[in-house]
Amino acid sequence: MAGRMGFIISKGLKRAMIEILEMLIFLIPPYIANSSPVVLGGGRPLDLNITLGDGERLLGDGKTIQGFAAGVLAGTAAGGIISHLYLLPYFASQQDQFIAAFLLSFGTMAGDAVGSFIKRRMHIASGKQFFLDTIFFLIVALVFVYPVANPGLYDAFNVVFFLALTALLHPLTNFLANRVGLKRVPW
Ligand code: CTP
Ligand code: MG
């Protein structure tokens, strides 16, 4: 009896660990897309220096064309490699998972740019902290991936895990990036 219980518990535990691992793997493309512009960005601003009637830039100097492209490419490439190694339960096929990597990466960079648009409209300077900075990109990425995702991706537990982990990791990674000299500010 005790042996049987132990078997059931350990089987459940193993299942839970696999599911958490799968959620972490899912997050790799959007995380890579979100972080690579810090290293690979620069040059011409995405908003082409346009200033709106409120006197603020459309997006600001923190969003560059090169950074946007680098984020989309790096995230998609990472997801492409992953799709050959492990088929996540959120997608019907390797091909869908690859398309998902692109949608997640593109959604991440689009969300990041929309976040800057909102910040500028609120007269918050480029590089200043804002609560949307931490999870907004992932919310937009999750919306973008909807066309190729299984409905199970949006289980409440998964969504809470994705957002809570990101809210925790984003400040931590930015702090570390600042300490090793990659980022000007620790957020
Ligand atoms: N970056 C980039 N292109 C992008 C996004 C980011 O070149 N599309 C680079 C910029 O050098 C930017 C850095 O990554 O300064 C950090 O990104 P982020 O924190 O998103 O931008 P901020 O500088 O904080 O600007 P904002 O206030 O508009 O978010
Ligand atoms: Mg910032």
Side-chain angles (χ1 to χ4, degrees), residues 23-82 98-148 159-187:
M23 286 192 275
L24 293 174
I25 293 169
F26 171 83
L27 289 172
I28 293 173
Y31 279 12
I32 288 186
N34 188 243
S35 54
S36 48
V38 178
V39 187
L40 303 173
R44 224 162 141 65
L46 190 60
D47 68 3
L48 306 173
N49 281 306
I50 290 168
T51 299
L52 294 191
D54 58 8
E56 300 284 353
R57 287 276 296 278
L58 181 64
L59 302 174
D61 283 332
K63 306 292 119 131
T64 66
I65 295 171
Q66 193 179 306
F68 191 100
V72 174
L73 288 176
T76 306
I81 294 167
I82 294 167
F98 179 59
I99 295 167
F102 169 74
L103 294 174
L104 286 166
S105 304
F106 192 78
T108 290
M109 298 317 298
D112 182 53
V114 171
S116 292
F117 176 83
I118 296 169
K119 282 170 85 171
R120 299 300 92 79
R121 304 291 72 75
M122 295 174 71
H123 302 285
I124 299 167
S126 283
K128 277 267 163 61
Q129 235 173 334
F130 185 53
F131 80 100
L132 283 183
D133 285 346
T134 59
I135 57 167
F136 189 66
F137 77 91
L138 189 64
I139 295 171
V140 176
L142 286 170
V143 172
F144 270 54
V145 82
Y146 182 79
V148 294
V159 175
V160 169
F161 180 89
F162 293 147
L163 298 182
L165 183 74
T166 306
L168 274 170
L169 279 185
H170 196 268
L172 189 70
T173 49
N174 282 341
F175 175 77
L176 291 175
N178 172 254
R179 289 306 290 266
V180 300
L182 286 176
K183 217 169 181 287
R184 213 168 30 80
V185 288
W187 51 77

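Side chains included, hydrogens not; waters and symmetry mates left out as well; all remaining heavy atoms used. What you are looking at is a predicted structure, and each value in this text was computed from that prediction instead of being measured. Indexing begins at 1, ligand by ligand and atom by atom, following the structure's order.
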Original post:
Does the distance from a Lys or Arg side-chain N to an Asp or Glu carboxylate O, for Asp47 and Lys63, drop under 4.0 Å?
Top reply: no
Original post:
For Ala101 and Gly79, which heavy atoms make the closest approach, and how far apart are they?
Top reply: CB-CA, 3.5 Å
Original post:
Any chance the side chains of Thr166 and Tyr31 put a donor and an acceptor closer than 3.5 Å?
Top reply: yes
**OP:** Tell me, please: is Gly42 in heavy-atom contact with ligand 1, that is, under 4.0 Å?
**Re:** yes
Original post:
Where does the angle between the aromatic ring planes of Phe106 and Phe68 fall among parallel (under 30°), tilted (30 to 60°) and perpendicular (over 60°)?
Top reply: perpendicular
Original post:
Does ligand 1 have any atom sitting under 4.0 Å from a heavy atom of Val38?
Top reply: yes
**OP:** Measure Val185 to ligand 1 on non-hydrogen atoms and call it side chain, backbone, both or neither using the 4.0 Å cut-off.
**Re:** neither
**OP:** Pick whichever of Arg44, Lys63, Lys119 has a heavy atom sitting closest to atom 27 (O) of ligand 1.
**Re:** Lys119
Original post:
Does Gln66 come within less than 4.0 Å of ligand 1, judged by its heavy atoms?
Top reply: no
Subject >> Trp187 side-chain N/O to His170 backbone N/O, donor-acceptor pair under 3.5 Å >> reply: no
Original post:
Based purely on interatomic distance, does Gly62 place a nitrogen or oxygen under 3.5 Å from a nitrogen or oxygen of ligand 1?
Top reply: yes
Original post:
Among Thr108, Leu27, Asn34, whose side-chain contact (heavy atoms from CB on, under 4.5 Å) with Leu138 holds?
Top reply: Leu27
**OP:** Give a yes/no on ligand 1: does Arg120 have at least one heavy atom closer than 4.0 angstrom to it?
**Re:** yes
